[in-house]
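Shown next, in structure tokens, is the structure this report addresses.
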Amino acid sequence: MSERAMPLWEVFIRSRNGLAHKHVGSVHAADAAMALQAARDVYTRRGEGLSLWVVPSSAITASDPAEKDMMFEPTGSKIYRHPTFYKVPDDVGNM
Amino acid sequence: MALLFDYALRQADSALILGHRLSEWIGHAPLLEEELALGNIALDLIGEARALYAHAGTVEGKGRDEDALAYRRDAGAFRNLLLVEQPNGDFAVTIIRQLLYSAFAHPFWRALGQSRDATLAAIAAKAEKEAAYHLRHAGEWLIRLGDGTAESHRRAQAALDELWPYSGELFETDAVELALIAEGVAVDPATLRPEWERTVAAVLAEATLAAPAGEWMQSGGRSGRHSEHLGHLLATMQFLQRAYPGAVW
Amino acid sequence: MYTQGLLHAKDDDRAAPEPADRLARFQARIDAEEKIEPNDWMPEAYRRTLVRMISQHAHSEIVGMLPEGNWLTRAPSLRRKAALLAKVQDEGGHGLYLYAAAETLGVSREELMEQLLLGKAKYSSIFNYPTLSWADIGAIGWLVDGAAIMNQIPLCRCSYGPYARAMIRICKEESFHQRQGFEIMLTLARGTSEQKAMAQDALDRWWWPSLMMFGPSDTQSQHSDASLRWKIKRFSNDELRQKFVDATVPQGRFLGLAFPDADLRYDEAAGHWRFGAIDWAEFRAVLAGNGPCNRQRLAQRSAADERGRWVRAAATAHAEKRRARAAE
């Protein structure tokens, strides 16, 4: 007989001030406080972080990989958004 | 110096015995995340013990290192609180033990951070942060257990009733402590009592648990009169050092 | 580690027919060293193989806490006690990372745990051997973790993203485990005659089971192809076993200990240590549940699970009460 599963939480750590929080893994916990505590104990045993986020996995809305082409292909051709698209003579210096 | 040795040893013994007890959970915790949490707390406590033993050994000046003090004294020479040597029991017993101890340890280390003994003060400054986390961990869990299911409530209340008589010892003082308090080296535990009572009462209230009414308290750890449990704990912990005297590990 | 080349069990090839063009595109992604992520399309057999492999790995970490945990309360010094505690705790963490990686494939940790406790899931046979002396803690760190690292480093490049990421984290954290074990062995080997005998006895008992950790010989294991083709595995069982022996024999000689293998000799021409025949009957017996500690290990895990049930139920009930109060 299976017992009820404890909700899954995604864990994000800011390793240094100035950096964004980065996804590191997940934990099981009944509530947010427990998730935060578990995230601390599981994912910061070696001084990995200065700040933690826990987010219920169910709260994440993800893009559909099947729609990858529609979502992300169109941007590939817009090379004029990148600085290397523009020619500036070397004499001008760094720009 | 004998006084300071004794005082450091008391704190070291309590930290080690409690850390050892928590290490008994590893591999058997109620959920995987909690294996990690209990392991972290045990490691904090063993770390505190090592620093305190090293200091005690230096103060004593007889060449005893942390292992000589931890592994080659018999139960009667241990100075830990009776509370911390009590067996793990179910998870509720462990959490109550953690709460009663950590609610004391947190303000204790904070106050000891002002000790005139610089080494004790430095150890205390580190331990204070650790104890703050231990207290939060125990408090949050006790609230879940007390205000969880009927079974968890019953177990939490039973655990509280069982361990409550060991809480009086936290606030005892004897000649050793009085002398060191006067010198500004030790903390007067009586001054910590109001905060301890507030902390514990707040958690118990939220956990819907009732502090036992009885006034009677156990005593004896500071003078080496322990419960039967400590002997067994030490028999296990010290076995290799006892079986192979003089060996280096 | 610890998956022992068992990943390719029978039902891998049983999947319903999948469109050939999709399979081809999938294989092209793998061949281009692209990582596969949880929501990407994948062949059912790939998914099932990974679930089995990752969960076996996770179970091995969790069960693996027990033989070493057996010495946590008897570690002979505070330094050793702290190191062993940190190591056993790491194993719990690694089990957790791996269950999380398996969960991205659509199974829950509870289901996986249930399979383990019902005896339906495999874990590494090595953990069905007992830890009889303190030297066993050294031998496990040196040999078992050494063997694990051999297997785990290539898994950091596994084609499945969440597994590869978990392995990177695990490998980084485990880097102290083998050194910790070797240091224990070295201290014992340089210690009293009793300690040296303890170390030798541990090597005698753990050497062959360590070699078995890499799984059946390539000649026996007929399904290895798919997991190599999918870049789940990067090396065959025998390749990894040989790498392990080549790395470990010189270390054992440095310790001044004797390997329990009369056929062990250095092959100058090939540059490899050649070892004697592995007792595959023992391997199969232990896998089938008839090792010295199989029943004990599962009973310990079951007891912990059972004793923790009311705690987990309390946490869930309390969270529900809070939500209800907040909604009022």
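Remember, predicted model here, so these are calculated numbers, not experimental data.
The contact between C:Leu78 and chain B is made by backbone and side chain atoms together, counting heavy-atom distances below 4.5 Å. Both the backbone and the side chain of C:Leu96 come within contact range of chain B, judged by heavy atoms closer than 4.5 Å. Using a 4.5 Å cut-off between heavy atoms, B:Glu33 contacts chain C through both its backbone and its side chain. Within the 4.5 angstrom heavy-atom criterion, only side-chain atoms of B:Tyr244, from C-beta onward, approach chain C. Using a 4.5 Å cut-off between heavy atoms, B:Arg21 makes no contact with chain C at all. The contact between B:Ala92 and chain C is made by backbone and side chain atoms together, counting heavy-atom distances below 4.5 Å. Looking at C:Leu84, there are no atoms closer than 4.5 Å to chain B (heavy atoms on both sides), in backbone or side chain. Neither the backbone nor the side chain of B:Trp25 comes within contact range of chain C; no heavy atom of the residue lies under 4.5 Å from a heavy atom of that chain. Within the 4.5 angstrom heavy-atom criterion, only side-chain atoms of C:Arg312, from C-beta onward, approach chain B. Of the two parts of B:Ala70, only the side chain, counted from C-beta on, holds a non-hydrogen atom closer than 4.5 Å to a non-hydrogen atom of chain C.
For residues 47-55 of chain B, the interface with chain C (any heavy-atom pair closer than 4.5 Å) comprises B:Arg50, B:Tyr53, sorted by residue number. At a heavy-atom separation below 4.5 angstrom, chain C is approached by no residue within residues 117-134 of chain B.
Looking only at heavy-atom pairs under 4.5 Å with chain C, the residue among B:Thr149, B:Leu43, B:Leu233, B:Ile46 that has the most is B:Leu43. Of all the listed residues (C:Thr187, C:Leu72, C:Leu85), the one sharing the greatest number of non-hydrogen pairs under 4.5 Å with chain B is C:Leu85. With chain C as the partner, the residue from B:His20, B:Glu34, B:Glu24, B:Gln238 showing the most heavy-atom pairs under 4.5 Å is B:His20. Of the residues considered (B:Leu16, B:Ile26, B:Leu31), B:Ile26 shows the highest number of contacts with chain C, using heavy-atom pairs under 4.5 Å. Put simply, of B:Glu66, B:Arg144, B:Glu35, the one with the most heavy-atom pairs under 4.5 Å next to chain C is B:Arg144.
Atom CZ of B:Arg242 has more than 12 neighbouring heavy atoms from other residues, nucleotides or ligands inside a 6.0 Å radius.
Distance alone, capped at 3.5 Å, places no donor-acceptor pair between the B:Ser102 side chain and the B:Leu99 backbone.
Under a 4.0 Å N-O distance rule, the pair C:Glu183/C:Arg79 qualifies as a salt bridge.
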